[in-house]
Amino acid sequence: MNDKLGNWKRTHRCGELAAQQIGEEVCVMGWVQRRRDHGGLIFIDLRDRDGIIQLALDPDRDPAAHSKAEQVRNEFVLAARGKVSPRPEGTVNPKMKTGEVEIEISELLILNRSETPPFMIDEYSDVAENIRLKYRYLDLRRPALQNNLLMRHQVAKTVRNYLDGQGFIEVETPVLTKSTPEGARDYLVPSRVNPGNFFALPQSPQLFKQLLMVSGYDRYFQIVKCFRDEDLRADRQPEFTQIDCEMSFVNRDDVMTIMEGMVASIFEATLGVELSLPMARLSYAEAMDRYGVDNPDLRFDLELVTITELVANSEFKVFASVAKDGGLVKALNAKGCAGFSRKELDDLTEFVKIYGAKGLAWVKVTEEGWQSPIAKFFSAAELDSLNAKLNAEVGDLLLFVADKSSITNEALGRLRGHLGQKLGLAKKDVYKFVWITDFPLLEWDGEERRHVAVHHPFTAPLEEDIELLDSEPGKARAQAYDLVLNGSEVGGGSIRIHDQAVQSRMFELLGIDEAEAREKFGFLLDALSFGAPPHGGIAFGLDRLMMILAGADSIRDVIAFPKTQKATCLLSEAPNEVSEKQLQELAIRLRKAPK
RNA sequence: GGGGCUGUAGUAGAGUCGGUUACAACGCCGGCCUGUCACGCCGGAGGUCGCGGGUUCGAGUCCCGUCAGCCCCGCCA
């Protein structure tokens, strides 16, 4: 049936053959991209992960190899020996990297055959994603995904080299660990040996990396899988990879500076892009004021402008009442967009409603002044001050949202991002980084009627805000920082609390009493009491970073075996039911029998 | 939990106002072809129109339900 590999040895990868190998006897192995049978001559494009080389089979030169080539079909696995030759005059293919040469085949092995694949393994065919995911091993043969995974390897390698050079050591932390109810939903794993008890898969190695600092490892990193049992998005998978770092005896600036170097080395190694350092920094408060979100896309301006005071006394009741009730009225000036159609304006209105805004007021600035349903409510003085504040010029489109501040900011901030995409201002090959700093330490959870940590409960407050913990804890800011790239949060971290008393006070503020704190985090509190150094760290979302580096629209395109939006694997058909015997061993009985 | 988009040969699509045997492309199979390279020419096979129900003389097309994939809100410290 199939030929045996025997002692054949590959001498070259397909993509590396070029004029300098002319005359050499070589051996290549790979998959059949395409066979072109001219009756006499047969050409086979042989593909491996490195590229494609043309095999030429001439019936006059080697009848045995030629007749074997007649059986060959797409995706067969071949080994071929022959001499690298220049292509005849006029048959050079400039579109191929190896297009100047071909291999004159003298011996051919069919190492394995292939069914006709469900879709063509090429860069042209556009295939539905459920088919691609079911046959992921075939999809992964295609150049786009191969390039993404090769680049991902390059990033991991660069990160390891860089961090090693900075004195970091990679330490593995447990995957079977303890459930911590703060934060996202945990994936649980039942313990057979301890019936009724469960491990949780880590949402991050947070506590373990802090323990490593207590242990004196000084600089730790890990490229590590993390798990969160929450709903998926285009940039969210239930298992994802973090570049996780922690350092002792550092402040925020130290962490940010070292990590900027890491990110710069990644961009240099993968894209050849040189980033200008240091990166921009923006306080949370300023980001919210100017962009409405804590992850602004700085590839374009379109800044939000607060106009609450200017409209507080206007005849337009929607704005005036929001202003009087302590809400927020903001606007953005979409330069040159006065030509938007009614349909486009309706679409923008629908867009802001997703984020809770009740409506979107618009103004087209024309030679005759404001063309707008709301123009008549404003005095000449109000119009003048609004035009001045918004830098309004003929041809501009002004967009307003009035609501409580959280809604106004999010609706208009997301609209800003939407317009950046729609107007083509967000260019894929431009990379704008910004650190967002001085996040609030706590936020009030109305449902649970308590403060919750904005970042996590181990984040240290700003030193100058520590006294606020007793007076106005909601006003305290955190020593936390997020790295935002093109409107996407790619990393986040903080200086941690290393003082046991401060950590206990923090749990108290979060409404976690001493008994509960001991039960959940006792091991951390104990560790802090045995000489914990000041420390802090950061974690980067490798997948999101890869999306931007690879120009991918979906996180699934940078992960080898991703899950669907319903968190299933179409390839392996996980998750699946398990046998009654397995359940019995785990002391588990299902509440509902499976369908 | 909610909103939206999509589902027609192996693949990606067309299918008008509900009307005869559901189209052409790529792929596949067979034949021809000695310089192609997303080869070319000739011929052929291939369909539970996602699934179930309903309306109708008649449903790929209209209605209801359901399943799957995707996007979004909630959720994601």
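Chain naming here is simple, since letters A, B, ... match the order of the sequence lines and numbering starts at 1 in each. Only heavy atoms go into these numbers, but all of them, side chains included; no hydrogens, no water, no symmetry mates. These numbers were taken from a predicted model, which means no experiment stands behind them.
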Asks: In the structure shown, which nucleotide is the Watson-Crick or G-U wobble counterpart of B/rA22, with both distances under 3.5 Å?
Replies: none
Asks: Could you check how far NZ of A/Lys353 sits from P of B/rG4, rounded to whole Å?
Replies: 14 Å
Asks: Taking the nucleotide of RNA chain B with the closest heavy atom to each, which residue, A/Gly39 or A/Phe119, is nearer the 5' end?
Replies: A/Phe119
Asks: In whole Å, what separates the C1' atom of B/rC28 from that of B/rC72?
Replies: 39 Å
Asks: Give A/Thr116 one of three labels, base, sugar-phosphate or nothing, depending on what nucleic acid heavy atoms sit under 4.0 Å from its own.
Replies: sugar-phosphate
Asks: Rounding to a whole Å, what distance do you find between A/Arg35:CZ and B/rG30:P?
Replies: 9 Å
Asks: With both distances under 3.5 angstrom, what nucleotide forms a Watson-Crick or G-U wobble pair with B/rG7?
Replies: B/rC67
Asks: Report yes if the side chains of A/Phe43 and A/His38 come closer than 4.5 Å at any heavy-atom pair, otherwise no.
Replies: yes
Asks: How long is the span from the CG atom in A/Asn486 to the CZ atom in A/Arg544, to the nearest 0.5 Å?
Replies: 13.5 Å
Asks: Within the structure shown, what part of the strands sits under 4.0 Å from A/Thr568 by heavy-atom distance: base, sugar-phosphate, or nothing?
Replies: sugar-phosphate
Asks: With distance as the sole criterion, do the side chain of A/Arg87 and the base of B/rC37 form a donor-acceptor contact below 3.5 Å?
Replies: yes
Asks: If we require ring centres under 5.5 Å and near-parallel planes under 30°, does A/Phe43 stack on B/rU36?
Replies: yes
Asks: Hey, is the side chain of A/Arg414 poking within less than 4.0 Å of OP1 or OP2 on B/rC73, counting only N and O atoms?
Replies: yes
Asks: Determine the Euclidean distance between corresponding C1' atoms of B/rG30 and B/rC70; express it in Å to zero decimal places.
Replies: 40 Å
Asks: Are A/Asp186 and A/Lys178 within salt-bridge range, i.e. N to O under 4.0 Å?
Replies: no
Asks: Mind checking the C1' distance from B/rC67 to B/rC75? Whole angstroms is fine.
Replies: 24 Å
Asks: Determine the interatomic distance between P on B/rU55 and the same-named atom on B/rC64; round to the nearest Å.
Replies: 15 Å
Asks: Please state whether the base of B/rC75 and the side chain of A/Arg228 form at least one donor-acceptor pair under 3.5 Å?
Replies: no
Asks: Side-chain donor or acceptor of A/Glu115 under 3.5 Å from a matching atom on the base of B/rG10?
Replies: no
Asks: Partner of B/rA14 by Watson-Crick or G-U wobble geometry, both contacts under 3.5 Å, or none?
Replies: none
Asks: I'd like to know if A/Asp62 and A/Arg81 make a salt bridge, using a cut-off of under 4.0 Å between side-chain N and carboxylate O.
Replies: no
Asks: For A/Asp122, report the nucleic acid contact type (base, sugar-phosphate, nothing); a contact means any heavy atom under 4.0 Å.
Replies: nothing
Asks: Contact class for A/Ile52 vs. all strands (heavy atom < 4.0 Å): base, sugar-phosphate, or nothing?
Replies: nothing
Asks: I want to verify a distance call: between B/rC29, B/rU34, B/rC37, whose nearest atom is closest to the A/Arg73 side chain?
Replies: B/rC29
Asks: Would you please confirm or rule out a distance under 4.0 Å between OP1 or OP2 of B/rC71 and any side-chain N or O of A/Arg556?
Replies: yes
Asks: Would you call the rings of A/His451 and A/Trp444 parallel, tilted or perpendicular, taking 30° and 60° as the class edges?
Replies: perpendicular
Asks: Do the side-chain N or O atoms of A/Asn74 get closer than 4.0 angstrom to the phosphate oxygens (OP1, OP2) of B/rC28?
Replies: yes
Asks: Using a cut-off of 4.0 Å on non-hydrogen atoms, how would the nucleic acid contact of A/Pro117 be classed: base, sugar-phosphate, or nothing?
Replies: nothing
Asks: Within the structure, does a side-chain N or O atom of A/Thr98 lie under 4.0 Å from either OP1 or OP2 of B/rC37?
Replies: no
Asks: Considering only the C1' atoms, how many Å lie between B/rG18 and B/rG74, rounded to the nearest integer?
Replies: 41 Å
Asks: Side chain of A/Tyr355 only, please: which of B/rC72, B/rU36, B/rG69 is the nearest?
Replies: B/rC72
Asks: Quick check for you: among B/rC75, B/rA12, B/rC39, whose closest atom lies nearest to any side-chain atom of A/Ala128?
Replies: B/rA12
Asks: Side chain of A/Lys566 only, heavy atoms from C-beta on: which candidate in B/rC73, B/rG35, B/rA68 is closest?
Replies: B/rA68
Asks: Nearest to the side chain of A/His38, which nucleotide is it out of B/rC70, B/rU36, B/rG10?
Replies: B/rU36
Asks: Any side-chain N or O of A/Arg233 less than 4.0 Å from the OP1 or OP2 oxygen of B/rC73?
Replies: yes
Asks: Would you say A/Lys95 places a side-chain N or O within less than 4.0 Å of OP1 or OP2 belonging to B/rC37?
Replies: no
Asks: A/Glu410 has a side chain; which of B/rG35, B/rG74, B/rC28 sits nearest to it?
Replies: B/rG74
Asks: Please measure how far the C1' atom in B/rA24 lies from the corresponding atom in B/rG15, and state the result in whole Å.
Replies: 11 Å
Asks: Mind calculating the distance between CZ (A/Arg142) and P (B/rA38) to the nearest angstrom?
Replies: 17 Å
Asks: Which part of the nucleic acid does A/Pro118 contact within heavy-atom distance under 4.0 Å: base, sugar-phosphate only, or nothing?
Replies: sugar-phosphate
Asks: Taking pairing as Watson-Crick or G-U wobble with both contacts under 3.5 Å, can you name the mate of B/rG40, or confirm there isn't one?
Replies: B/rC32
Asks: Checking contacts here: which listed nucleotide (B/rC76, B/rG69, B/rC71) is nearest the side-chain heavy atoms of A/Ala234?
Replies: B/rC71
Asks: NA contact type, A/Val452, heavy-atom cut-off 4.0 Å: base, sugar-phosphate, or nothing?
Replies: nothing
Asks: Could you please spell out the steps behind the side-chain hydrogen bond (donor to acceptor under 3.5 Å, both in side chains) verdict for A/Asp122 and A/Gln33?
Replies: CA-CA 8 Å; A/Asp122 60 27; A/Gln33 178 68 31; 5.3 Å; no
Asks: Between A/Gln565 and A/Ser204, which is nearer to the 5' end of RNA chain B once each is assigned its nearest nucleotide?
Replies: A/Gln565
Asks: Looking across every strand, which nucleic acid part, if any, lies under 4.0 Å from A/Glu443 by heavy atom: base, sugar-phosphate, or nothing?
Replies: nothing
Asks: So does A/Lys343 pair up with A/Asp346, basic N to acidic O under 4.0 Å?
Replies: no
Asks: Working to the nearest 0.5 Å, report the span between CG of A/Asp48 and NE2 of A/His12.
Replies: 12.0 Å
Asks: If you check every side-chain atom of A/Ile354, which of B/rA12, B/rC73, B/rC75 has the closest atom?
Replies: B/rC73
Asks: For B/rC39, does either OP1 or OP2 sit under 4.0 Å from a side-chain N or O belonging to A/Arg36?
Replies: yes
Asks: Got a salt bridge between A/Glu129 and A/Arg136, using NZ or NE/NH1/NH2 to carboxylate O under 4.0 Å?
Replies: no
Asks: Paired with B/rU55 by Watson-Crick or G-U wobble geometry, both distances under 3.5 Å: which nucleotide is it?
Replies: none
Asks: Which of the following nucleotides, B/rC37, B/rG1, B/rU11, is nearest to the side chain of A/Met96?
Replies: B/rC37
Asks: Any N or O donor-acceptor pair linking the side chain of A/Arg34 to the base of B/rG27 at under 3.5 Å?
Replies: no
Asks: Please measure how far the C1' atom in B/rG46 lies from the corresponding atom in B/rA22, and state the result in whole Å.
Replies: 14 Å
Asks: Any strand is fair game: report the nucleotide pairing with B/rC75 by Watson-Crick or G-U wobble, both distances under 3.5 Å, or none.
Replies: none
Asks: OP1 or OP2 of B/rG69 less than 4.0 angstrom from a side-chain nitrogen or oxygen of A/Thr564, does that happen here?
Replies: yes
Asks: Reckon A/Glu129 touches a base, only the sugar-phosphate, or nothing at all at heavy-atom distances under 4.0 Å?
Replies: sugar-phosphate
Asks: Do A/Arg36 and A/Asp45 meet the salt-bridge criterion of a basic N to acidic O distance under 4.0 Å?
Replies: yes
Asks: To the side chain of A/Tyr124, which of B/rU34, B/rA38, B/rC37 is closest?
Replies: B/rA38
Asks: Can you check the distance between B/rA14 and B/rG54, where both ends of the measurement are the C1' atom (answer in whole Å)?
Replies: 28 Å
